[in-house]
There are 2 protein chains.
Amino acid sequence: MTIRIVIAEDQGLVLGAIAALLALESDFEIVGRAADGDAALALVRAHTPDILLTDIEMPGRTGLDCAQVLAAEKARTAVVIVTTFARPGYLARARAAGVRGYLLKDAPVDTLVAAIRTVAAGGRVIPPELAAAAWEAGSDPLTDRERDALRLAEEGLSNKDIARRLGLSPGTVRNYLSEAAGKLGAANRIEAGRTARANGWL
Amino acid sequence: MTIRIVIAEDQGLVLGAIAALLALESDFEIVGRAADGDAALALVRAHTPDILLTDIEMPGRTGLDCAQVLAAEKARTAVVIVTTFARPGYLARARAAGVRGYLLKDAPVDTLVAAIRTVAAGGRVIPPELAAAAWEAGSDPLTDRERDALRLAEEGLSNKDIARRLGLSPGTVRNYLSEAAGKLGAANRIEAGRTARANGWL
DNA sequence: CCCCGCGGGTGACATCTGTCACTGGGCCCG
DNA sequence: CGGGCCCAGTGACAGATGTCACCCGCGGGG
C-alpha cells in the first residue's frame with residue numbers, strides 16, 4: 001500500500017529537499033515534481049497520484065487554483081497545501097476547493113508526514129489554531145472593484161493612474177479606496193492594503 | 001574528510017527537508033539545526049563547524065547579522081547564505097560580512113551541494129547574475145533617519161504618527177520621505193518603500 | 001412592481017502629502 | 001578654517017487623498 005505523491009513548489013531547493021525528505025518514508029512514492037501550477041496539473045492528470053502536495057504562491061496557476069480545477073474535474077487525487085502564510089482568506093478558499101490538508105512551512109517535518117498519511121487514509125488535516133484565526137477574521141468584505149483598486153494602490157499608483165488602468169474616473173477610485181479602508185478599519189490605502197493582504201483577500 | 005555543517009532556517013519544514021537532503025551526501029555531517037539566529041550562533045560556537053548554512057530572514061538575529069558577528073569574532077566557520085530574495089542590498093551586506101556563498105532558494109539542489117563543497121574547500125560562490133544586478137543597483141542612498149521614516153510610512157502611519165514615534169516634527173518627516181522618494185526615483189512614499197525594500201535597503 | 005444592493009459617477013470640503021526654500025547645529029575631512 | 005554631510009526644523013503652496021452627500025442605471029428578490 002504505497003502512497004503516490006506529486007509535489008509542486010516553485011523554489012527548486014525546497015522542492016528537492018522536500019522530495020528527499022519524503023523519499024525517506026518507505027511507503028511514499030514521489031511520482032512527479034512540478035515548479036508551477038500548470039506542470040502540477042499535467043503531472044496529476046498523467047499519473048493520478050493519491051496526493052498532490054502543493055505550495056500556494058507559484059508562477060502562473062497557484063496551488064489554490066489547481067485545487068479548484070481538480071475539484072471541478074472530480075479528480076480522485078487529494079490536495080494538501082503547504083504554505084508560508086496563515087492567511088484566513090487562503091484557508092477559506094482552500095476549504096471551498098475541497099482541499100483535504102493545509103499545513104504551514106513553520107511546522108515540524110513529522111507533521112507533514114503524518115498529514116500525508118492521514119489524508120491518504122481519507123482524513124482531513126487543518127490545524128485548529130488556523131481554523132480559529134480564519135473564524136475570527138470572517139469573510140472577505142471587499143467587492144471585486146475595490147480589490148482591483150486596492151491592488152494597484154498597493155503598488156504606489158495615484159488615483160488618477162488607477163482610474164486610467166481600470167477605465168474609471170478618479171473620483172470613483174477615491175470612493176472605492178475609501179470604502180475599502182472603512183470596511184477594513186484602516187486609516188488609509190496603505191493600511192488597507194496591508195490588512196487585506198494579511199488576510200489573503202488580495 | 002567530512003564537511004561539518006550547522007543549518008539555520010526558521011521554517012521547520014524547510015529546515016528538516018534541507019537537513020534530510022544534505023544528510024544523503026556521505027561526506028556531509030549535520031552537526032546542528034537552528035530555527036533562529038541566536039540559536040545558530042550558539043551552535044556554531046559550540047561545534048565550530050566548517051559551514052554555517054543560513055537563511056537571511058529569521059526571527060531575532062538575521063543570517064546577515066550572524067555573519068557579521070562571526071566575522072568580528074574571526075571564527076573559522078564559513079557562512080553560506082540561502083535566501084528567497086535576490087536583493088542587491090542583501091548581497092552587499094553579505095559581501096561586507098565576509099560571506100563565502102550566496103544562493104537563491106530558486107536554484108536546483110545540485111547547486112547547493114556543489115556550493116557547500118566549493119566553500120568548504122576555501123572557495124567562494126556568488127552567482128554572476130546576482131553580482132551584476134547588485135552592481136546595477138548601486139549602493140544604499142538612504143540615510144538612517146530616512147530609512148526609519150520610510151519603514152514606518154510603509155506600515156501606513158501618517159506623517160504625524162511617524163513624527164511622534166521618532167520624536168520629530170511632522171515637517172521633518174515630510175522632508176525625509178520627500179528626499180527618500182527623490183533619491184529612489186519614486187513618486188510617493190508607497191513606491192519609495194517598495195523600491196527600497198526590493199533592493200534590500202530597509 | 002418596487003426596492004435594495006451594487007457598480008459607476010459627480011461635486012465639495014478638509015486634511016494630508018509632496019516639494020521647495022531657507023535656517024541652524026554638529027561633525028568630519030581636506 | 002572652510003566646505004560638505006547629516007540631522008532637525010519652519011513656512012508656504014500645489015496637488016493628492018479621504019470623506020460625505022447625492023445622483024443614475026441595472027438586475028434580482030420579495
Side-chain angles (χ1 to χ4, degrees), chain A residues 89 92-93 96 138-202, chain B residues 88-89 92-93 96 137-202:
Chain A
R93 274 189 277 163
S139 61
D140 185 349
L142 302 175
T143 67
D144 288 343
R145 300 303 266 172
E146 286 164 3
R147 230 190 315 283
D148 293 340
L150 205 46
R151 243 183 240 123
L152 294 172
E154 252 198 325
E155 296 180 15
L157 299 198
S158 67
N159 288 328
K160 214 192 313 176
D161 292 336
I162 297 171
R164 232 191 308 269
R165 290 255 207 124
L166 261 38
L168 296 175
S169 93
T172 304
V173 171
R174 276 214 306 283
N175 281 341
Y176 283 165
L177 291 177
S178 180
E179 281 171 34
K183 290 176 181 177
L184 299 172
N188 54 49
R189 59 183 64 200
I190 305 179
E191 223 188 302
R194 285 171 61 88
T195 55
R197 189 158 291 283
N199 281 292
W201 294 332
L202 277 185
Chain B
R93 275 191 275 163
S139 60
D140 185 348
L142 301 176
T143 68
D144 288 344
R145 299 303 265 170
E146 286 164 2
R147 230 189 316 281
D148 293 340
L150 204 46
R151 241 181 243 125
L152 294 172
E154 250 197 326
E155 297 179 15
L157 299 198
S158 68
N159 288 329
K160 215 191 314 176
D161 292 336
I162 296 171
R164 232 191 308 269
R165 289 251 208 130
L166 295 178
L168 296 176
S169 92
T172 304
V173 172
R174 275 214 308 283
N175 281 342
Y176 284 164
L177 292 178
S178 180
E179 281 171 35
K183 290 176 180 176
L184 299 172
N188 54 49
R189 59 184 63 200
I190 305 179
E191 223 187 302
R194 284 170 62 89
T195 55
R197 190 156 290 282
N199 282 293
W201 294 332
L202 277 186

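With C:dG7, D:dA16, D:dC7 as the choices, the nucleotide that has an atom nearest any side-chain atom of A:Y176 turns out to be C:dG7. Closest to the side chain of A:R174, out of C:dG18, C:dT17, C:dG11, is C:dG11.
Within 4.0 Å (heavy atoms only), B:T172 reaches at least one base atom of the nucleic acid.
Side-chain to base pairing of A:N175 with D:dT17: no donor and acceptor N or O lie closer than 3.5 Å to each other. Scanning atom types as modelled, no donor and acceptor separated by under 3.5 angstrom connect the side chain of B:D144 and the base of D:dC7.
Put simply, CZ on A:R189 is 19 Å from P on C:dT15, counting in whole angstrom units. Taking atom CD1 of B:I190 as the reference point, atom C1' of D:dA16 lies 11 Å away to the nearest angstrom.
Where B:N188 and B:E146 meet DNA chain D, the nucleotide closest to each residue was compared, and B:E146 sits on the side nearer the 5' end. Along DNA chain D, the nucleotide nearest A:L157 and the nucleotide nearest B:R145 are compared for position; the residue whose nucleotide lies closer to the 5' end is B:R145. When each of A:S169 and A:E179 is assigned the nucleotide of DNA chain C bearing its nearest heavy atom, the one mapping closer to the 5' terminus is A:E179.
For D:dC5, the OP1/OP2 oxygens have no side-chain nitrogen or oxygen of B:T143 closer than 4.0 Å. Distances shorter than 4.0 Å separate none of the side-chain N or O atoms of A:N159 from OP1 or OP2 on D:dA16. Contact between the side-chain N/O atoms of B:S178 and the OP1/OP2 oxygens of C:dG18 is not found at any separation under 4.0 Å.
The two residues B:P170 and B:A163 make their nearest non-hydrogen contact at N-CB, 3.6 Å.
Checked against A:E154 for a salt bridge (charged side-chain N to carboxylate O under 4.0 Å, His left out), the options A:R147, A:R189, A:R194, A:R197 give a single hit: A:R197.
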